[in-house]
Amino acid sequence: MCIRDRHILLAEDNDLNAEIAMTLLTDYGLIVDRVSDGVACVKQVKEKEYDVVLMDIQMPNMDGYKATDCIRHLSQPEKANIPIIAMSANAFEEDKKMAMEAGMNGHISKPIDVNVLEKQIINIFKKVS
């Protein structure tokens with residue numbers, strides 16, 4: 001399964017981290033939109049179709065956990081069930097567990113390793129198809 005040409009929403013408040021992530025993701029053939037906080041992320045998911053959301057955990061206005069909760073409670077099932085992958089500098093098992101308990105589908109550590117991300121996305125798509 002190839003993930004090229006998939007539409008990704010990157011929710012990342014740090015401009016440098018976002019620039020690096022967007023470069024890696026677009027070089028890999030993904031189509032990426034970026035928002036800088038959880039409020040904008042929820043709004044963007046409501047307005048546009050995405051295959052995956054990459055959700056930073058610590059963002060201003062609304063953190064990744066709250067944004068995920070809001071998305072999971074949307075009235076449209078295809079939007080409420082969008083795959084969400086947590087992104088965090090914290091790679092401890094407890095952080096991964098918290099992401100899953102918050103309704104996320106996966107967890108990757110920052111900085112993003114595109115190969116790890118690809119494996120997570122492929123696994124998520126296999127589970128939902």
Side-chain angles (χ1 to χ4, degrees):
M1 176 182 283
C2 179
I3 66 168
R4 293 186 186 286
D5 298 322
R6 297 285 186 156
H7 293 253
I8 305 287
L9 178 58
L10 174 66
E12 170 63 67
D13 65 312
N14 181 287
D15 289 334
L16 180 58
N17 288 347
E19 185 177 332
I20 292 167
M22 289 183 72
T23 299
L24 287 170
L25 296 168
T26 56
D27 285 352
Y28 204 76
L30 296 165
I31 301 160
V32 184
D33 290 338
R34 183 229 173 169
V35 293
S36 58
D37 67 42
V39 173
C41 181
V42 173
K43 182 177 185 279
Q44 193 77 354
V45 168
K46 287 179 181 178
E47 294 175 359
K48 196 169 175 185
E49 297 295 322
Y50 291 99
D51 295 302
V52 176
V53 175
L54 297 181
M55 183 80 73
D56 185 19
I57 296 298
Q58 296 179 339
M59 294 183 290
N61 302 320
M62 180 187 291
D63 68 24
Y65 298 124
K66 179 65 177 165
T68 297
D69 184 61
C70 289
I71 291 168
R72 294 298 182 232
H73 286 93
L74 293 175
S75 60
Q76 298 169 288
E78 68 278 2
K79 295 193 180 276
N81 295 313
I82 187 170
I84 300 173
I85 299 174
M87 296 187 308
S88 176
N90 300 326
F92 300 110
E93 283 305 313
E94 178 150 334
D95 298 301
K96 293 176 186 177
K97 183 180 177 199
M98 286 175 55
M100 299 304 150
E101 289 174 352
M104 297 180 188
N105 304 87
H107 181 284
I108 60 172
S109 301
K110 290 188 204 176
I112 294 173
D113 179 330
V114 178
N115 294 321
V116 171
L117 176 61
E118 178 185 36
K119 288 177 187 167
Q120 286 233 6
I121 291 173
I122 287 171
N123 287 335
I124 287 167
F125 287 150
K126 283 180 181 175
K127 287 178 187 173
V128 296
S129 51

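All values below were derived from every heavy atom in this structure, side-chain atoms included, with hydrogens, water molecules and symmetry-related copies excluded.
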*Atom pair NZ (Lys79) and CG (Leu74), whose distance is rounded to the nearest 0.5 Å*: 8.0 Å

Please tabulate, for side-chain N and O atoms in residues 21-29, each donor-acceptor pair with protein atoms closer than 3.5 Å (sequence neighbours left out).
| residue | atom | partner | partner atom | Å |
| --- | --- | --- | --- | --- |
| Thr23 | OG1 | Glu19 | O | 2.9 |
| Thr26 | OG1 | Met22 | O | 2.7 |
| Thr26 | OG1 | Thr23 | O | 3.3 |
| Tyr28 | OH | Glu118 | OE1 | 2.6 |
| Tyr28 | OH | Glu118 | OE2 | 2.9 |

_Tell me every residue that passes side chain to side chain contact (heavy atoms under 4.5 Å, CB included) with Lys48, counting only those two or more places apart in sequence or in another chain._
Asp33, Gln44, Tyr50

*Work out which heavy atom in Met104 is nearest to a heavy atom in Met55; give both atom names and the distance.*
CE-CG, 4.1 Å

*Cys41 and Val53, any side-chain heavy atoms less than 4.5 Å apart*: yes

*Should Leu54 and Val116 be regarded as members of a common hydrophobic cluster, given that ILVMFWY residues are connected when their side-chain heavy atoms come within less than 4.5 Å of each other, either directly or indirectly?*
yes

*Note, Ile8 side chain near Ile121 side chain (heavy atom, < 4.5 Å)*: yes

_I'd like to know if the side chain of Lys110 reaches the main chain of Met87, judged simply by a donor and an acceptor atom lying under 3.5 Å from each other, with no hydrogens or angles considered._
no

_Ile57 side, atom CD1; Glu12 side, atom CD - distance, nearest 0.5 Å_ = 11.0 Å

*How long is the gap from CG on Leu10 to CG on Leu30, to the nearest 0.5 Å?*
11.0 Å

*Under 4.0 Å between a Lys/Arg side-chain N and an Asp/Glu carboxylate O for Glu93 and Lys97?*
no

_Run Asn105 and Ile84 through side chain to side chain contact (heavy atoms under 4.5 Å, CB included) and show every step you take._
CA-CA 5 Å; Asn105 304 87; Ile84 300 173; 4.2 Å; yes

*Can you name the nearest heavy-atom pair linking Ile124 to Pro83, along with the distance?*
CG2-CB, 3.3 Å

*Search all heavy atoms of Asp37 against all heavy atoms of Val39 and return the closest pair with its distance.*
OD1-N, 3.0 Å

*Taking all heavy atoms of Ala99 and all of Ala86, pick out the closest pair and write down the distance.*
CB-CB, 3.8 Å

*Minimum heavy-atom distance between Ala102 and Tyr65, given as atom pair plus value*: CB-CD2, 3.5 Å

*Report yes if the side chains of Arg72 and Ile82 come closer than 4.5 Å at any heavy-atom pair, otherwise no.*
yes

*Check for a donor-acceptor pair, side chain of Asn14 on one end and backbone N or O of Asn17 on the other, with a separation under 3.5 Å.*
yes

*How close do Cys70 and Val42 get, heavy atom to heavy atom, and via which atoms?*
CB-CG2, 3.8 Å

_Between Arg34 and Asp15, does any side-chain N to carboxylate O distance fall below 4.0 Å?_
yes

